[in-house]
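Note that the coordinates shown come from a computational prediction; the quantities given were computed from them, not determined experimentally. Computation of the quantities below employed the complete heavy-atom set of this structure, encompassing side-chain atoms and omitting hydrogens, waters and symmetry-equivalent molecules. Order of the sequence lines sets the chain letters (A, B, ...), proteins ahead of strands, with each chain counted from 1.
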Amino acid sequence: MMPETHEIAIHEAWSAKAYDQAFSLLATQHASDFYRTAVRIVLDHAQAQDVVQEASIKIWKGLPAFQGRSKFSTWAYRIVVNEALASLRKSNRQHVALEDLQIGQPDSPYFEADEILKALYQALSMLPEKQRLTFQLRYFDEKPYTEISEILGTSVGGLKANYHHAVERIKLEMSRLNSEYTFESNE
Amino acid sequence: MNKMNSKDGIQIPDKAHQDLVKHMLTAKETTKARPTFLRSIYYWAGSIAAALVLGVFIFNGLTKAPNHEVEITEDLAWDAYQSGVVELTLEDASQLLDNASIEEFINDLNI
């Protein structure tokens with residue numbers, strides 16, 4: 001089913017107060033995406049699973065009160081991102097020593113990367129939080145700025161600036177790691 | 001020159017995706033409705049607990065004097081002096097300042 005079709009199906013179930021069905025549809029379509037988003041933030045498989053679990057509870061409980069101002073998936077993504085950031089702050093993983101920077105890569109059984117992608121993650125870990133999140137949602141997930149704006153609560157203009165600065169910084173950091181590394185952005 | 005792909009390196013196989021879906025769906029189990037009898041007990045227990053907490057706060061409010069501590073900054077002190085709330089004679093001021101400060105003050109007046 002195409003994402004838009006899924007979104008319509010979720011909306012129909014929600015409108016009919018069939019929250020069980022709406023939640024199941026959301027989970028079926030987006031469980032992997034939520035995990036992916038979580039593990040890119042917290043960088044740990046078990047922690048990401050906990051984040052998805054906690055976020056799932058909030059999504060399930062929040063479904064009846066959902067305002068309908070955005071897509072269900074966007075609303076759910078926002079919950080996952082906030083939960084992941086809260087988990088990260090609790091665990092203090094962001095305060096990683098420079099020599100442990102390879103921790104900037106997700107510690108997940110599903111993560112497989114060549115040296116260049118690993119270098120990208122290392123460069124990413126040097127960015128401020130907002131820039132890092134903007135980059136991940138835009139570059140990895142190819143989400144439109146309007147959707148990222150709803151997820152992060154930042155203006156579209158601010159996001160474009162964040163992305164621009166993120167790309168410039170990544171290019172610099174990657175070239176420092178290896179002069180042969182280059183980075184090409186989508187835009 | 002090395003080129004990059006746009007993937008994030010996180011490849012989730014179908015079985016893992018199904019496990020993640022099941023994992024998400026267990027969220028519904030954590031918020032099951034309690035039986036009516038137990039729900040009413042929780043309601044009363046919650047109400048009593050809330051009343052006790054409120055009682056503690058009210059009691060503390062009645063028995064303790066408010067403890068207002070204000071940090072006296074230079075700006076605050078100057079504002080208080082200018083507004084006339086604080087009356088300070090030259091003698092009082094000279095008691096508060098050390099010799100170096102007094103000399104500086106006098107020199108400033110002579111500019």
Show me the donor-acceptor pairs within less than 3.5 Å that the side chains of residues 18-26 of chain A make with the rest of the protein, sequence neighbours left out.
residue : atom : partner : partner atom : Å
A:Asp20 : OD1  : B:Lys28 : NZ           : 3.2
A:Asp20 : OD2  : B:Lys28 : NZ           : 3.0
A:Ser24 : OG   : A:Asp20 : O            : 2.9

Correct closest heavy-atom pair for A:Ile57 and B:Ala27 would be N-CB, 3.6 Å
Under 4.5 Å to a heavy atom of chain B? For A:Gln49 that would be both
Residue from A:Thr28, A:Asp141, A:Val52 scoring the most non-hydrogen pairs under 4.5 Å with chain B is A:Thr28
Interatomic distance, OG@A:Ser56 vs CG@B:Leu20, rounded to 0.5 Å, equals 9.5 Å
- Message: Applying a strict under-4.5 Å side-chain criterion to I, L, V, M, F, W and Y, I'd like to know whether A:Tyr163 and A:Leu172 cluster together.
- Response: no
| message | Taking NZ in A:Lys160 as the centre, count heavy atoms belonging to other residues, nucleotides or ligands within less than 6.0 Å. Is the count above 12? | response | no
Per-residue tally against chain B (heavy atom, under 4.5 Å) across A:Glu54, A:Glu112, A:Glu115 peaks at A:Glu112
Correct closest heavy-atom pair for B:His17 and A:Ser32 would be ND1-OG, 2.6 Å
From the list A:Lys58, A:Lys118, A:Gln53, the residue making the most non-hydrogen contacts under 4.5 Å with chain B is A:Gln53
Taken in chain and number order and not counting sequence neighbours, the residues that satisfy ring pair (Phe, Tyr, Trp, His ring centres under 6.0 Å) with A:Tyr35 are A:His45, A:Tyr110
Next item on the list: Taking the side chain as every heavy atom from C-beta outward, state whether B:Asp8 and A:Gln136 have any atom pair closer than 4.5 Å.
Entry: no
- prompt: Does CD belonging to A:Glu168 count more than 12 external heavy atoms closer than 6.0 Å?
  reply: yes
| With distance as the sole test, does B:His23 use its side chain to make a donor-acceptor pair with the main-chain N or O of A:Asp50 at under 3.5 Å? | no
